[in-house]
Amino acid sequence: PKGWRIELVDKPDRQQVQVMWGQAAVPASHADHLPLTIALTAFGGGAMKATLMDEVRSKRGLAYGAYMGLGSQRGPAAVRGWASTGTERAVTTLKLVLRLFRQLGKGGLTEERFRFFQGYLAAGYGPATDDPGARLLARVRADINGLPTDWVDTYPERVRAVTLDDVNRAIRTHLTPDHLAITLVGTASELVPLLEKAKIDRGAIDVVPYDSY
């Protein structure tokens with residue numbers, strides 16, 4: 001979409017709001033997939049030092065968790081972020097995560113954060129594929145995604161071969177923080193006034209009944 005387009009899935013009488021935002025990105029076989037994976041692990045991975053977890057949960061207590069990651073598939077994959085929070089905090093949370101994503105798009109990663117999350121990603125791959133079923137699944141996924149036959153065995157080395165310049169160039173090239181699809185699942189009668197109060201153009205909000213799918 002051009003700009004920020006919000007689809008508000010209206011589910012009456014909800015106590016909580018699911019917030020999702022994202023964009024299309026690169027296939028798993030693209031040279032920038034690994035650099036973007038490192039960038040988004042630093043920004044929205046599950047580690048408490050990831051930007052979203054630190055800013056949304058640890059510092060402000062707006063949500064139990066906030067995440068963002070890059071899918072892995074043969075065709076263009078999705079960069080997707082998500083968080084769940086109370087209705088009264090939903091717009092504040094949305095504004096915060098979008099502001100942080102903009103900062104990532106403009107500033108990239110520092111050397112310190114790049115090194116930490118590069119090591120975190122490389123070191124975590126072994127335990128994630130340490131049983132036969134997990135390794136089989138990883139190999140099948142790699143084959144489906146058009147990756148080299150040695151991808152699973154060489155993944156940590158490939159991650160460690162990525163440079164900070166690779167990561168920040170990939171961020172500048174592929175991330176579009178000013179052009180995102182945004183979905184909120186909540187109660188429209190409560191959320192629309194909050195969005196309008198936050199200066200979001202009513203014309204950028206599409207309200208869709210939850211049972212229309």
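In this chain, numbering begins with 1 at the start of the sequence shown.
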Step-by-step side chain to side chain contact (heavy atoms under 4.5 Å, CB included) determination, Leu104 to Leu100 = CA-CA 6 Å; Leu104 175 69; Leu100 293 171; over 6 Å; no
Would you please name every residue forming a side chain to side chain donor-acceptor pair (under 3.5 Å) with [X], sequence neighbours left out?
| X | result |
| --- | --- |
| Asp166 | Thr163 |
| Thr92 | none |
| Glu111 | Arg115 |
| Asp206 | Arg5 |

Residue from Leu52, Val56, Val91 passing side-chain contact (heavy atoms from CB on, under 4.5 Å) with Leu96 |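 Between Leu96 and the candidates, side-chain contact (heavy atoms from CB on, under 4.5 Å) is satisfied uniquely by Val56.
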Any side-chain hydrogen bond (donor to acceptor under 3.5 Å, both in side chains) pairs touching residues 178-194, not counting sequence neighbours?
->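 Every pair satisfying side-chain hydrogen bond (donor to acceptor under 3.5 Å, both in side chains) with a residue in residues 178-194: Arg102-Asp178.
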Is the shortest side-chain heavy-atom distance between [X] and [Y] below 4.5 Å?
| X | Y | result |
| --- | --- | --- |
| Val159 | Gln118 | yes |
| Phe101 | Leu175 | yes |
| Val79 | Leu40 | yes |
| Arg202 | Val192 | yes |
| Leu36 | His33 | no |

Crowding at CD, Glu112 (>12 non-hydrogen neighbours, <6.0 Å) |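 For Glu112, atom CD is not crowded (no more than 12 foreign heavy atoms under 6.0 Å).
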According to side chain to side chain contact (heavy atoms under 4.5 Å, CB included), who are the partners of [X], at least two apart in sequence or on a separate chain?
| X | answer |
| --- | --- |
| Thr129 | Tyr125, Arg135, Ala138 |
| Thr173 | Arg169 |
| Lys59 | Asp54, Glu55 |
| Lys11 | Arg14, Tyr210 |

Do [X] and [Y] get their side chains close enough for a donor-acceptor pair, meaning under 3.5 Å?
| X | Y | value |
| --- | --- | --- |
| Arg89 | Thr85 | yes |
| Thr149 | Arg139 | no |
| Ser84 | Gln16 | no |

Listed pairs under 3.5 Å, donor-acceptor, residues 64-75 side chains, sequence neighbours left out:
| from | atom 1 | to | atom 2 | distance (Å) |
| --- | --- | --- | --- | --- |
| Ser72 | OG | Asn145 | ND2 | 3.2 |
| Gln73 | NE2 | Pro76 | O | 3.0 |
| Arg74 | NE | Ile144 | O | 2.8 |
| Arg74 | NH2 | Ile144 | O | 2.8 |

Would Val97 end up clustered with Val185 when hydrophobic side chains under 4.5 Å apart are linked, directly or stepwise?
->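 Each belongs to a different hydrophobic cluster.
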In the hydrophobic clustering that connects Ile, Leu, Val, Met, Phe, Trp and Tyr at side-chain heavy-atom distances below 4.5 Å, which members other than Phe117 occupy its cluster, ordered by chain and number?
-> Phe116, Tyr120
Which value, rounded to the nearest 0.5 Å, describes the distance between Met48 atom CE and Met53 atom CE?
-> 4.0 Å
Gap between atom CH2 of Trp4 and atom CG of Leu180 - 0.5 Å precision = 7.5 Å
Contacts of type ring pair (Phe, Tyr, Trp, His ring centres under 6.0 Å), residue His174, not counting sequence neighbours =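 His30.
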